[in-house]
Amino acid sequence: MKKFTKKFAQFIIFATLLCLCATGRAAFSDVPDDAWYASDVGRMRDTGLIAGYDDGTFRPDATITYAEFVTIIKRCATGEAQNSENGHWAGAVMEYAYNSGWYDYDEINADMYDKPIPRYMAAKLIALGLALPENEHEKNAYWEYMNSIKDFNSINGRYAYLVVRCYNNGVLNGDENGNFNPESDLTRAEAGAMILRAMDMSHTGAQPATAPPAQSPQSDLNTVKGGVSANGRLQVLGGRLCNEAGNPVVLHGMSSHGLHWFPQFTSREYIRMTSGSGANVFRIAMYTAEGGYISQPDNVKTLLTTAVDNAIAEDMYVIIDWHILSDGNPMTYVNQSKEFFNEVSARYANTPNVLYEICNEPNGGVSWANDIKPYAETIIPVIRANSPDSIILVGSGTWSQDINEPADNPLAYGNIMYTCHFYAGTHGQWLRDRIDYALGKGAPIFVTEWGTSAADGNGGVYLEESARWLDFLDSRGISWCNWSLCDKAESSAALSGDGLSQSGSFVFSRF
Ligand code: IDC
């Protein structure tokens with residue numbers, strides 16, 4: 001047995017669980033024989049995973065802290081303890097865990113080491129630290145878990161897929177009501193039981209998750225690509241989209257078609273198909289009218305959160321698009337929009353993956369000054385209250401082509417970008433000139449939707465003009481999403497039969 005420090009003296013680990021063999025009834029005065037955890041506690045004691053106290057108690061109901069929990073995971077993952085010379089006794093272990101990608105910088109800081117660890121964070125650390133396998137069932141049964149975990153909607157979307165992975169590996173079962181209780185503390189008995197089950201399930205001699213890949217510079221503008229693990233939280237600096245380190249970043253990817261029509265193409269498999277070809281963003285087009293969110297909010301919201309969670313699980317940036325179209329004025333459903341963005345920005349608070357596009361394409365008799373800007377000034381504070389730093393994307397009149405208007409009369413908030421949409425068969429040099437005008441005014445531009453077809457989503461495809469457009473966007477470091485990842489019989493659709501359409505092949509080659 002080895003004691004790490006005085007403070008840690010009663011919390012002792014002496015063996016890796018590879019030599020799990022003895023199981024026994026615990027003889028602790030506070031562990032009743034018929035407690036659900038009695039045999040687990042026996043295993044914890046016999047393996048040294050969590051020892052008892054000198055006074056003969058185990059204190060099964062005491063809460064476990066971040067530092068204690070991470071230390072056990074580290075020991076299980078590597079077979080080694082790691083003592084800190086200075087500072088907190090678990091400082092070196094926490095640093096190891098951070099460098100291994102088990103948690104992100106904004107999730108745990110030194111002031112929290114001795115605080116109780118919430119269950120959602122324990123799920124993440126177990127899943128990543130003990131490399132819980134992700135099997136086919138997990139990929140395909142997300143709906144099943146959404147229904148079987150009763151309080152699924154209260155799980156922050158940054159963690160939902162890892163909680164699912166724990167359930168799928170038998171590490172979590174939920175309480176007697178079927179709830180996960182993401183924010184609740186974890187007792188010593190529960191923590192030990194979870195880790196024992198994880199060690200039984202994970203690959204023997206689990207390897208720590210590997211560190212995120214390094215960024216690779218790209219293009220003469222020195223923009224970088226890569227997913228969320230490589231770039232972190234996005235920010236707008238000097239009119240440009242930048243990663244957390246402050247380097248200009250470019251996002252390329254697909255937009256979904258209407259979520260309520262083609263939800264099947266927002267699965268992890270389809271999102272991975274795009275990231276596998278180099279995409280790092282996915283846009284979810286949630287129509288408001290046209291039979292979408294306004295007429296079936298609960299159904300569509302469920303489709304939306306599933307799709308967002310899928311993109312997060314694939315390390316993608318993800319745009320939640322309030323897809324106004326036939327409801328040309330964003331003010332038409334401003335109340336529903338407030339409610340919606342309040343809910344999703346709370347759900348994805350502090351999730352670096354998520355960007356909010358608050359009005360796809362205002363059109364009809366709407367003006368920037370009288371309709372769109374006041375709408376944005378209503379919605380932006382709602383999102384900011386929950387998610388203060390996230391990127392918010394704002395459309396403009398004439399189907400998001402009037403970007404000169406916000407450029408001349410910008411919103412007074414940080415981390416805002418204006419969207420410009422084009423279809424290669426319809427829009428040409430005049431719209432590129434308008435982008436240059438807006439950039440010249442310092443307006444940050446994001447092409448959240450473009451198509452290789454004409455503006456009706458069909459015709460063409462116009463690949464020569466599309467290439468001209470993409471070269472233009474590349475030369476200015478402008479990010480884009482292509483319409484659309486679906487197999488509808490229209491030329492802008494990227495899929496056809498089992499593979500890529502003509503449009504899809506072109507677009508995927510440009511990620
Ligand atoms: C189109 C779809 C088409 C659908 C139509 C009406 O491709 O299948 O029937 O919407 O809902 C946009 C819009 C986008 C359009 C697309 C092509 O944002 O919703 O999708 N487009 O017309 N702006 C310009 C073009």
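Sequence positions, counted from 1, serve as the residue numbers for this chain. Order of appearance sets the numbers: ligands from 1, and atoms from 1 within every ligand.
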> Tell me, with the steps shown, if Lys150 and Glu176 meet salt bridge (charged side-chain N to carboxylate O under 4.0 Å, His left out).
CA-CA 11 Å; Lys150 293 291 175 239; Glu176 64 277 13; over 6 Å; no

> Pairwise, report which nitrogen or oxygen atoms of ligand 1 are under 3.5 angstrom from protein nitrogen or oxygen atoms, and how far apart they are.
from, atom 1, to, atom 2, distance (Å)
ligand 1, 7 (O), Trp483, NE1, 3.0
ligand 1, 7 (O), Glu490, OE1, 3.2
ligand 1, 7 (O), Glu490, OE2, 2.7
ligand 1, 8 (O), His257, NE2, 2.9
ligand 1, 8 (O), Lys488, NZ, 2.7
ligand 1, 8 (O), Glu490, OE1, 2.8
ligand 1, 8 (O), Glu490, OE2, 3.2
ligand 1, 9 (O), Lys488, NZ, 3.3
ligand 1, 10 (O), Tyr287, OH, 3.0
ligand 1, 11 (O), Tyr287, OH, 3.2
ligand 1, 18 (O), His323, NE2, 3.3
ligand 1, 18 (O), Asn360, ND2, 3.1
ligand 1, 18 (O), Glu361, OE2, 3.3
ligand 1, 18 (O), Glu449, OE1, 2.9
ligand 1, 18 (O), Glu449, OE2, 2.9
ligand 1, 19 (O), Tyr287, OH, 2.6
ligand 1, 19 (O), His323, NE2, 2.7
ligand 1, 20 (O), Tyr287, OH, 3.4
ligand 1, 20 (O), Trp483, NE1, 3.4
ligand 1, 21 (N), Tyr423, OH, 3.2
ligand 1, 21 (N), Glu449, OE2, 3.3
ligand 1, 22 (O), Ala455, O, 2.8
ligand 1, 22 (O), Asp456, O, 3.4
ligand 1, 22 (O), Gly457, N, 3.4
ligand 1, 23 (N), Glu361, OE1, 2.6
ligand 1, 23 (N), Glu361, OE2, 2.7
ligand 1, 23 (N), Glu449, OE2, 3.3

> Mind checking whether Trp322 and Tyr356 have ring centres under 6.0 Å apart?
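So the answer is no for these two rings.
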
> Within the side chain of Gln296, is there an N or O that forms a donor-acceptor pair under 3.5 Å with the backbone of Gly291?
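Present.
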
> Parallel, tilted or perpendicular: which describes the rings of His257 and Trp483, with under 30° parallel and over 60° perpendicular?
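Taking Trp483 first and then His257, their aromatic rings sit tilted (interplane angle of 30° to 60°).
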
> Closer than 3.5 angstrom, by distance alone: can the side chain of Arg283 be matched with the main-chain N or O of Thr448 as a donor-acceptor pair?
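Judged by distance alone, yes, a pair lies under 3.5 Å.
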
> Could you tell me which non-hydrogen atom of Thr419 sits nearest to which non-hydrogen atom of Ile403, and how far apart they are?
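Looking at all heavy atoms of both residues, the shortest contact is O-CG2, 3.2 Å.
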
